[in-house]
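Each ligand, and each atom within it, is numbered from 1 in the order the structure gives.
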Amino acid sequence: MEFRDLKKQYRILREDMDRAVLSATASGAFIMGPQVRELEGQLAEYVGVKHCLSCANGTDALTLALKAWGIGPGDAVFVPDFTFFSSAEVVSLEGATPIFVDVCEEIFNIDAEDLERAIRQTLDGGRLTPKVIITVDLFGLPADYTRIRDIADRYGLLILEDGAQGFGGSFGERRACSFGDIATTSFFPAKPLGCYGDGGAVFTDNDDWAALIASYRFHGKGSFKYDNVRIGMNSRLDTIQAAILQVKLKAFREYELDAVNAAAERYTSLLRDIVAMPVIPEGFRSSWAQYTIRLRDAVQRDALQASLKAEGIPSMVYYPKPMHLQTAFEGLNSRPCPCAESLCARVLSLPMHPYLTETDIETVCNAIISTLK
Ligand SMILES: *Cc1c(COP(=O)(O)O)cnc(C)c1O
């Protein structure tokens with residue numbers, strides 16, 4: 001069994017995929033070919049925002065957003081403590097300071113109450129200026145934007161939505177990557193919408209920020225390619241990857257997103273009363289980047305992972321370490337985030353992808369049930 005079966009996906013999409021890749025190769029337009037602009041239009045339309053700017057990966061996408069806002073030394077950026085390293089790394093890379101905020105046990109996303117506490121503590125400290133909240137749509141579920149937007153408005157902060165895992169998720173009528181003032185996603189192969197290498201995108205309704213990001217991703221270009229008006233980056237999505245993503249986006253819209261939701265429902269119905277399952281609050285829909293259960297403690301989690309492995313069932317610990325305990329952030333004098341710390345000891349992500357069969361899910365669940373009994 002595969003954790004995320006990208007080979008099976010390729011076998012199913014093969015005809016369209018091979019045609020798209022060969023056509024991109026034959027065209028010779030390897031950089032910023034027509035597929036890139038087409039894809040950006042399709043992504044913007046799907047997400048429901050005015051601008052989509054593709055780039056080299058999800059980490060650069062976050063960096064481009066922070067650059068467009070001029071975030072740097074002296075600025076405080078609030079980041080959930082339970083996330084992939086990138087969400088906070090980009091803040092330090094720009095010279096700003098990440099302030100880690102605890103998450104909610106059941107939804108894994110940033111805790112609005114602790115966020116407000118962290119903002120007040122930062123204001124009271126008087127050393128840093130609160131500027132941005134980076135929300136993460138972890139494991140496919142959009143963060144609690146109703147409450148976070150209220151806090152952002154009250155304290156005059158911008159929201160940067162890290163939708164690397166959230167693409168395809170929704171709350172009410174709105175899709176992930178439309179909640180932030182700027183939102184980003186990643187097309188790393190294992191993400192809900194992945195390419196065959198690295199890729200990413202930035203989304204915004206704001207014309208000025210979109211223009212700045214378009215410049216930053218291309219060496220700070222001005223009116224033409226060799227007019228450089230600011231220090232930027234080389235961060236573009238390859239034409240071949242855009243062609244691959246066009247094929248994948250079609251499958252994602254037509255059936256993959258429904259298929260992962262059906263798989264999640266199956267897991268949930270079989271594991272009910274056995275383990276603590278992911279919770280999707282009323283009105284939300286997840287794109288299930290991960291299906292993550294919670295065990296009693298690290299001992300039980302590690303034993304379960306070992307016994308699944310013995311039966312040939314892959315599982316992953318996302319994430320084993322909270323941000324505030326990462327070596328790279330030593331010396332930041334971070335706030336305590338007990339929930340994030342506890343989750344790191346107890347979470348386990350199960351095989352999850354649109355091509356998982358009923359039998360696969362039953363195999364995984366039976367192994368979990370027999371181990372825990
Ligand atoms: C994967 C990921 C990123 C970074 O994306 P890359 O394309 O790998 O650079 C950022 N944030 C989160 C939450 C992620 O899961």
May I ask you to say whether Arg217 pairs ionically with Glu40, meaning some side-chain N is under 4.0 Å from a carboxylate O?
-> yes
Specify side chain, backbone, both or neither for Asp162, according to which of its non-hydrogen atoms lie closer than 4.0 Å to ligand 1.
-> side chain
Near Thr83, which atoms of ligand 1 are under 4.0 Å from a heavy atom of that residue?
-> 13 (C)
For ligand 1, which atoms have a heavy atom of Asn57 less than 4.0 angstrom away?
-> 7 (O), 9 (O)
What's the shortest distance from atom 1 (C) of ligand 1 to any protein heavy atom, and which residue and atom give it?
-> Lys191 NZ, 1.5 Å
Proximal ligand 1 atoms for Val136, defined as those under 4.0 Å from one of its heavy atoms = 13 (C)
Any Lys67 side-chain heavy atom under 4.5 Å of Arg230 side chain | no
Check ion pair Arg346-Glu105 (N to O, under 4.0 angstrom) = yes
Quick one: nearest non-hydrogen protein atom to atom 9 (O) of ligand 1, plus distance?
-> Thr59 OG1, 2.5 Å
NZ or CZ of Arg175 within 45° of Tyr46 ring axis and under 6.0 Å = yes
Charged N to carboxylate O under 4.0 angstrom, Arg147 versus Asp150?
-> no
Tell me, do Pro278 and Tyr267 make a side-chain contact under 4.5 Å, heavy atoms counted?
-> no
Could you list which atoms of ligand 1 come closer than 4.0 Å to a heavy atom of Ser86?
-> 3 (C), 4 (C), 10 (C)
Ligand 1 to Ser186, heavy atom cutoff 4.0 Å, flagged ligand atoms 5 (O), 6 (P), 7 (O)
Between Gly166, Gly58, Pro80, Gly197, flag the one that comes closest to atom 6 (P) of ligand 1 by a heavy atom.
-> Gly58
Stepwise side-chain contact (heavy atoms from CB on, under 4.5 Å) test for Cys52 and Val47 | CA-CA 9 Å; Cys52 168; Val47 163; over 6 Å; no
Using non-hydrogen atoms of the residue, decide whether Ser87 is closer than 4.0 angstrom to ligand 1.
-> yes
